[in-house]
Number of protein chains: 2
Amino acid sequence: MNASLQTHRYLLQFSIKPSVQRTAVMDYLMKNRTHPTIDEIYTALSPSMPTLSKTTVYNTLNLFIERGAVQALVIDEKNARFDVDTSSHAHFICKSCGKVHDIFNLKPELFEIPQHPNFTIHSVEISYSGLCNACKES
Amino acid sequence: MNASLQTHRYLLQFSIKPSVQRTAVMDYLMKNRTHPTIDEIYTALSPSMPTLSKTTVYNTLNLFIERGAVQALVIDEKNARFDVDTSSHAHFICKSCGKVHDIFNLKPELFEIPQHPNFTIHSVEISYSGLCNACKES
DNA sequence: TCCTATTTTATAATGAGTACAAAGATATGA
DNA sequence: TCATATCTTTGTACTCATTATAAAATAGGA
Ligand SMILES: [Mn+2]
Ligand SMILES: [Mn+2]
Ligand SMILES: [Zn+2]
Ligand SMILES: [Zn+2]
């Protein structure tokens, strides 16, 4: 089974019509678990899809989020970042290099949705920040 | 003891020279625990300080954050939001009206900084999102 | 008062994201 | 196959938050 076929199926699960562009973007997210920005996605795909428009990347990601196929992270004040892994995990952003990493294996209680009289809570995002080892040394 | 004097002292604790503008901004944050945006702060202060520049509000908040006197929240993708309460508490943003509220009384374990071999973690931010009661009804 | 460093200000520039309308692609039914 | 309607992509223009820059104002010490 080739990768594009898997991606195809994944999109259909979320009622997303798998156009060439959408498939390419989703495929990129599947293979690059670095929480890329719109610009990173566009820059990576652009050489092999010369007619791709950055607007399409925006449109595509907005659609993916609307349908729940990807998660938007707000950990980085500069750019939105995207994650196909919608399972419960936290993120770390290095204040020096700006890279965003996964933090797995935290206690599941951290991701529980609390009850609150004034709000209906739908989701939780846990974000850590500091310095990565590479940046700490220099 | 008047409010401005308290604010004065608070700023000095963080080695911030208490100019008229800085005192006004900090005073506003002390009295308005609504996690205001730059624009909200500027709009609120502007009538009583007609010469105030929005750049000054930016400069001032950047200084406060640098010195640790306030906390910047990244819960809202549209604007930075600011909080004088630097104690461990979480936030909720309503996806409809955009207001940001405090959530206190969560288990203290939630705010513990985990150990990780690859990162030196300095801070944690816990953000919930959903709908507030007012928005849910309409 | 004079000098210097700090702070504030107005303006211009940057850059992420959205709005819009035209062009292109795809599906459907005769 | 053709005609047509719908969906998707694209380029451009625009909005708006934030930063850069340099001049003006201010404060404080000699
Ligand atoms: Mn992740
Ligand atoms: Mn708060
Ligand atoms: Zn780093
Ligand atoms: Zn609301």
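In the text below, chain A, chain B and the rest are named by the order of the sequence lines, each starting its count at 1.
A/Ile16 places its CD1 atom 16 Å from the P atom of D/dC7, with the value rounded to the nearest Å. Taking atom NZ on B/Lys17 and atom P on D/dA27, their separation rounds to 11 Å, with Å as the unit. The interatomic distance linking A/Leu45 (CG) with D/dT10 (C1') rounds to 16 Å, in whole Å. Distance A/Leu63 CG to D/dT10 P: 15 Å, rounded to the nearest Å. At whole-Å resolution of the value, CG in B/Asp76 and C1' in D/dC16 are 13 Å apart. Residue A/Glu77 contributes atom CD, which lies 16 Å from atom P of C/dG15 at whole-angstrom precision. Atom OH in B/Tyr58 sits about 17 Å away from atom P in C/dT14, given to the nearest Å. Remark: P of C/dA16 and NZ of A/Lys54 are 7 Å apart, rounded to the nearest angstrom.
Formation of a donor-acceptor pair under 3.5 Å by the B/Arg22 side chain with backbone atoms of B/Lys17 is found in this model.
The residue among B/Val20 and B/Lys78 whose nearest nucleotide of DNA chain D lies closer to the 5′ end is B/Lys78. Looking at which nucleotide of DNA chain C each of B/Ser53 and A/Ile38 is closest to, the 5′-most match is held by B/Ser53.
In this structure, B/Asp39 reaches neither bases nor backbone, as no heavy-atom distance under 4.0 Å exists between it and the strands shown. Here A/Thr51 lies in heavy-atom contact (under 4.0 Å) with sugar-phosphate atoms only. Nucleic acid contact for B/Asn62: sugar-phosphate only, since backbone atoms but no base atoms lie under 4.0 Å from a heavy atom of the residue.
Contact check, A/Gln21 against D/dT10: a side-chain N or O comes under 4.0 Å of OP1 or OP2.
At a threshold of 4.5 Å between non-hydrogen side-chain atoms, the residues B/Ile65 and B/Phe82 count as touching.
Taking the six-membered ring for Trp, B/Phe119 and A/His101 have ring centres closer than 6.0 Å.
Interatomic distance, CD1 of B/Ile93 versus SG of B/Cys132, reported as 11.0 Å (0.5 Å rounding).
A donor N or O paired with an acceptor N or O is not found under 3.5 Å between the base of C/dT26 and the side-chain atoms of A/Ser19.
In B/Glu109, the CD atom is crowded: over 12 heavy atoms of neighbouring residues, nucleotides or ligands sit closer than 6.0 Å.
Which of C/dT9, D/dT18, C/dA16 sits closest to the side chain of A/Asn79 comes down to C/dA16. Side-chain proximity of B/Thr55 to D/dT9, C/dT11, C/dT18: nearest is C/dT11.
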